[in-house]
There are 2 protein chains.
Amino acid sequence: MTKKPEMLALDNQLCFAFYSVSHAFSRAYRPFLDPLGLTYPQYVVLLVLWEQDDLTVKEIGDRLFLDSGTLTPLLKRLEAAGHIRRTRDRKDERQVRVLLTETGRTMRDKAEEIPRQVGCVLGLSFDEVRAFTQEVAKLRGRLHDSAAVSAKS
Amino acid sequence: MTKKPEMLALDNQLCFAFYSVSHAFSRAYRPFLDPLGLTYPQYVVLLVLWEQDDLTVKEIGDRLFLDSGTLTPLLKRLEAAGHIRRTRDRKDERQVRVLLTETGRTMRDKAEEIPRQVGCVLGLSFDEVRAFTQEVAKLRGRLHDSAAVSAKS
DNA sequence: CACAATCTAATCGCGCACAATCTAAATCCA
DNA sequence: TGGATTTAGATTGTGCGCGATTAGATTGTG
């Protein structure tokens, strides 16, 4: 009555493929981020702010699928490093607005070349990368949707 | 002289797609793993041992791309929970052999249905999942290869 | 207006990841 | 054989992720 025995084989687990490739990416970025004094999650937060500055913690979290428990200490470290400023919103004192400093903005120029440099070892064309990225994002969306459904209690 | 402005856009980052989908998977597995008292990394270690029992810490690490700094405390928790035993190898006292207990083996039956249940929200056929998994593993291989090359110093 | 419900961050605790370092065992090889 | 090198695992410190809780501000409703 056991299902296909390979059902639990590690090499058939899509989740493990993502889990391990995600760490591999983080390691691949490290040589480029270390000189900038950034961790990968910190870099991702800056990606968000470089696209749109002056966001609340909640807005950053929505974009990155992270909550304040993760973001608050991370943002404090980015602030201590001089990349951002955090200020309570005057209109709504619940919210904390995150703004890039001049240092944080200029950091963007140093980061500009990183995706290409890491990407060139992937052996994928620009279009392939984009198609792949969208496929993966689609899966992520389905996982989130199902989580939302099961949390509808 | 700025490159394509969308080069750093979050939605074009393959790395972020993997980063975020990996966490989404971990969250999707949680409702199934919590009742078993397992975290996702612990579950993955058991996947390895269910495929082949009596491995050293190194062998598990090679399979999962993790080192002893991560595995040692994780394995101690699995041992404390009664799923495995850890014993020094008599032939080579440097090595620690990891063996499933009866509890650990029977846990496999409870885990058997998890991948299918999570997988059914993905909207992918078995073949699609497999193809996707292999594509992702191929990328992981290229990242590891390039890391190995740059570490050839 | 009062006051409950909702919302935003912050905080705390735990469990990874991982670099760096350490110890001890095994292997190499002059 | 014996010292140098290599290897396996453990340890330490830092930084995430995230569930759970808390504090404080805002909104909704009678």
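Letters A, B, ... are given to chains in the order of the sequence lines, protein chains preceding strands, and every chain is numbered from 1.
- Below the 3.5 angstrom threshold, one finds no donor paired with an acceptor across the side chain of A:Thr72 and the base of C:dA9.
- Using a 4.5 Å heavy-atom cutoff, the side chains of B:Leu100 and B:His83 are not in contact.
- With rounding to whole Å, B:Leu66 atom CG is found 14 Å from D:dA10 atom P.
- One distance of note links OG1 of A:Thr39 with CZ of A:Arg77; it measures 7.5 Å at 0.5 Å rounding.
- For A:Pro41, taking side-chain heavy atoms from C-beta onward, the closest of the listed nucleotides D:dC16, C:dC18, D:dC18 is D:dC16.
- Closest to the A:Asp92 side chain, of the nucleotides C:dA10, C:dC18, D:dT26, is D:dT26.
- Summary of the strand contacts: A:Thr70 and A:Ala24 both lie near DNA chain C, and taking for each the nucleotide with the nearest heavy atom, the more 5' one is attributed to A:Thr70.
- A straight line from CD of B:Glu59 to P of D:dT7 spans 15 Å, rounded to a whole angstrom.
- Closest to the B:Thr39 side chain, of the nucleotides C:dC18, C:dG15, D:dG19, is C:dG15.
- Residue A:Thr56 is classed as a sugar-phosphate contact, given heavy-atom separations below 4.0 Å to backbone atoms only.
- Side-chain N/O atoms of A:Gln42 include one lying less than 4.0 angstrom from OP1 or OP2 on D:dC16.
- Nucleotide D:dC16 holds its P atom 10 Å from the CG atom of A:Leu71, rounded to whole Å.
- B:Arg97 comes within 4.0 angstrom of nothing in the nucleic acid, heavy atoms only.
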(request) For the pair A:Leu10 and B:Val48, evaluate side chain to side chain contact (heavy atoms under 4.5 Å, CB included) and give the outcome as yes or no after the intermediate values. (result) CA-CA 7 Å; A:Leu10 189 67; B:Val48 170; 4.0 Å; yes
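- Considering only side-chain N and O atoms, A:Arg77 lies nowhere under 4.0 angstrom from the phosphate OP1 or OP2 of D:dT14.
- Side-chain atoms of A:Arg97 and A:Thr87 form no donor-acceptor pair, as typed in the model, at a separation below 3.5 Å.
- Residue A:Lys58 has its side chain nearest to C:dT8 when only D:dC16, C:dT11, C:dT8 are considered.
- Using a 4.0 Å cut-off, no side-chain N or O of B:Lys91 falls inside it from OP1 or OP2 of D:dA8.
- Test A:Tyr40, A:Phe65, A:Tyr19, A:Tyr43 against B:Tyr19 for ring pair (Phe, Tyr, Trp, His ring centres under 6.0 Å) and you get one pass: A:Tyr40.
- Proximity note for B:Arg88 (side chain, C-beta onward) versus D:dC18, D:dC16, D:dA10: the nearest is D:dA10.
- Note on B:Arg30: every side-chain N or O is 4.0 Å or more away from OP1 and OP2 of D:dC18.
- Which of D:dG19, C:dA17, D:dC16 sits closest to the side chain of A:His23 comes down to C:dA17.
- With the 3.5 Å cutoff on both pairing distances, Watson-Crick and G-U pairs in DNA chain D assemble into runs of at least 3 at C:1-30 with D:1-30.
- The CG atom of B:Asp89 sits 14 Å away from the C1' atom of D:dT7 (whole-angstrom rounding).
- Out of D:dA10, D:dG9, C:dA10, the shortest distance to the side chain of A:Arg86 is found at C:dA10.
- A salt bridge links B:Arg108 with B:Glu112; the closest basic N to acidic carboxylate O contact falls under 4.0 Å.
- For the pair B:Phe18 CZ and C:dA17 C1', the computed distance is 19 Å after rounding to whole Å.
- The distance from atom CG of A:Leu74 to atom P of C:dT11 is 15 Å, rounded to the nearest whole Å.
- Checking side-chain atoms of B:Gln42 against main-chain N and O of B:Leu74 turns up no donor-acceptor pair under 3.5 Å.
- Judged by distance alone with a 3.5 Å cut-off, a donor-acceptor contact links the side chain of B:Arg94 to the base of D:dT7.
- Looking only at atom types and distance, the side chain of B:Ser20 has a donor-acceptor partner in the side chain of A:Arg140 under 3.5 Å away.
- At whole-Å resolution of the value, OH in B:Tyr43 and C1' in C:dG15 are 19 Å apart.
- Remark: C1' of C:dG15 and CD of B:Glu79 are 17 Å apart, rounded to the nearest angstrom.
- Distances shorter than 4.0 Å separate none of the side-chain N or O atoms of B:Tyr40 from OP1 or OP2 on C:dG15.
- Between B:Asn12 and A:Thr133 the shortest side-chain heavy-atom distance does not fall below 4.5 Å.
- Residue side chain B:Ser68 does not reach the base of D:dA8 through any donor-acceptor N/O pair under 3.5 Å, judged by distance alone.
- DNA chain D is contacted by both A:Asp67 and A:Arg90; A:Asp67 maps to the nucleotide lying nearer its 5′ end (nearest heavy atom per residue).
- Contact annotation: B:Arg27 reaches the phosphate of D:dC18 (side-chain N/O to OP1 or OP2, under 4.0 Å).
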